[in-house]
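Residue numbers start from 1 in every chain, and the chains themselves are labelled A, B, ... in the order their sequence lines are given, proteins ahead of strands.
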There are 2 protein chains.
Amino acid sequence: MEKIKIIKENIKSIPDFPKKGIIFRDITTLISNPVSFKAVIEAMEEALNLHELDRVVAIESRGFLFGSILAHKLGLPLELVRKPGKLPRQTFKETYDLEYGSDTLEIHTDALHKGDKVVIVDDLLATGGTAKATCKLIKQLEAQVIAAIFVVELQDLPGRKALEELENPPEVISLVKY
Amino acid sequence: MEKIKIIKENIKSIPDFPKKGIIFRDITTLISNPVSFKAVIEAMEEALNLHELDRVVAIESRGFLFGSILAHKLGLPLELVRKPGKLPRQTFKETYDLEYGSDTLEIHTDALHKGDKVVIVDDLLATGGTAKATCKLIKQLEAQVIAAIFVVELQDLPGRKALEELENPPEVISLVKY
């Protein structure tokens, strides 16, 4: 597909970031080009076209860049999953393991209604830790993750598997695969 | 204006967050309502209507929510100002004082071209520390901040003054004032 080609061409690969041996897929070059940024949003809209959705959940912080436009274009409420201490009202929390240590994500307890059909949005699917924690947060609110959409998927990491092994797994969609 | 009324009605005021005595203006309720989120974007577009702009610079992280849509709708490149260690390529840095301690922001050294006319976008203008550091980063790149736009301005804090005292000050625009 022409759009996917444009998207891939505008992602910069940075060796040894954030540490030696890692190739970082840099989306700042992608959003710095209005043509490739538009291609991302259109490709996401097309991929989600068949789903009936009630809300968009964007994951801090690069997920905000794509989730906000998607919510705006689809005319859906935008809800945030954020790092600890950022959301001012009552939250649910999920802690997940990192390579070294752990991290926590939060969502407002009133962000979703019971039964809401939700798409989660982030820039990158790697180990799936963040996305899986987000799915668990959404489950705590008794809503349903219909789809999880990412700009980039790192296929040698188990992110897709982590999501597909969940009870009621979402459709996992990524635009560009490495 | 009808739009500003809708925006203000959908911002929730949270007493004593993040600490006692502070009233936090919560924009999660604003973006959770597609009508008020749309009103923000339209009001921003109208306010920027008379400016010729080359790029949109969004400030991490809540600035991403509004800056991304604005860039997308205006068909302009989106550039990011981020917290330390997040941008993978060479950056310029600016450190600024907080009430306790200090913080640093970064921008890619190739994010802007010399002479670019830029609007910076964030959710909140309070003390102006973040916005001022962003203006300084943009000046390091020899670009020009034409406008600084915010959803909310806290008028009892010196943010507007801090920006208006800069050499070549931007137009400071806020949609809702407290």
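- Both the backbone and the side chain of Pro88(B) have a heavy atom closer than 4.5 Å to some heavy atom of chain A.
- Both the backbone and the side chain of Ile31(B) come within contact range of chain A, each with at least one heavy atom under 4.5 Å from a heavy atom of that chain.
- Each of Arg55(B), Lys86(B), Arg89(B), Lys73(B) has some count of heavy-atom pairs under 4.5 Å with chain A, and the biggest count is that of Arg89(B).
- Using a 4.0 Å cut-off between charged side-chain N and carboxylate O, Lys93(B) and Glu106(B) make a salt bridge.
- When heavy atoms are compared at a cutoff of 4.5 Å, Ile14(B) approaches chain A solely by way of its side chain, counted from C-beta outward.
- Of the charged side-chain nitrogens involved, at least one lies within less than 4.0 Å of a carboxylate oxygen, so that Arg160(B) and Glu153(B) count as a salt-bridged pair.
- The greatest number of non-hydrogen atom pairs below 4.5 Å with chain A, out of Ser68(B), Gly75(B), Gly67(B), Ala71(B), is found for Ser68(B).
- In the displayed structure, Lys5(B) atom NZ is contacted under 6.0 Å by at most 12 heavy atoms of other residues, nucleotides or ligands.
- Among the candidates Lys12(A), Lys38(A), Arg82(A), the residue making the largest number of heavy-atom pairs closer than 4.5 Å to chain B is Arg82(A).
- Counting only N and O atoms by type, the side chains of Thr95(B) and Thr104(B) include a donor and acceptor under 3.5 Å apart.
- Leu76(A) touches chain B through its backbone: at least one of N, CA, C or O sits under 4.5 Å from a heavy atom, while the side chain does not.
- Of the atoms belonging to Leu87(A), heavy atoms from both backbone and side chain fall under 4.5 Å from chain B.
- In this structure, Lys8(A) is positioned above the aromatic face of Tyr178(A), its NZ or CZ under 6.0 Å from the six-membered ring centre and within 45° of the axis.
- Figure legend: Arg62(A) and Phe64(B) shown without cation-pi pairing, the cationic atom not lying both under 6.0 angstrom from the six-membered ring centre and within 45 degrees of its axis.
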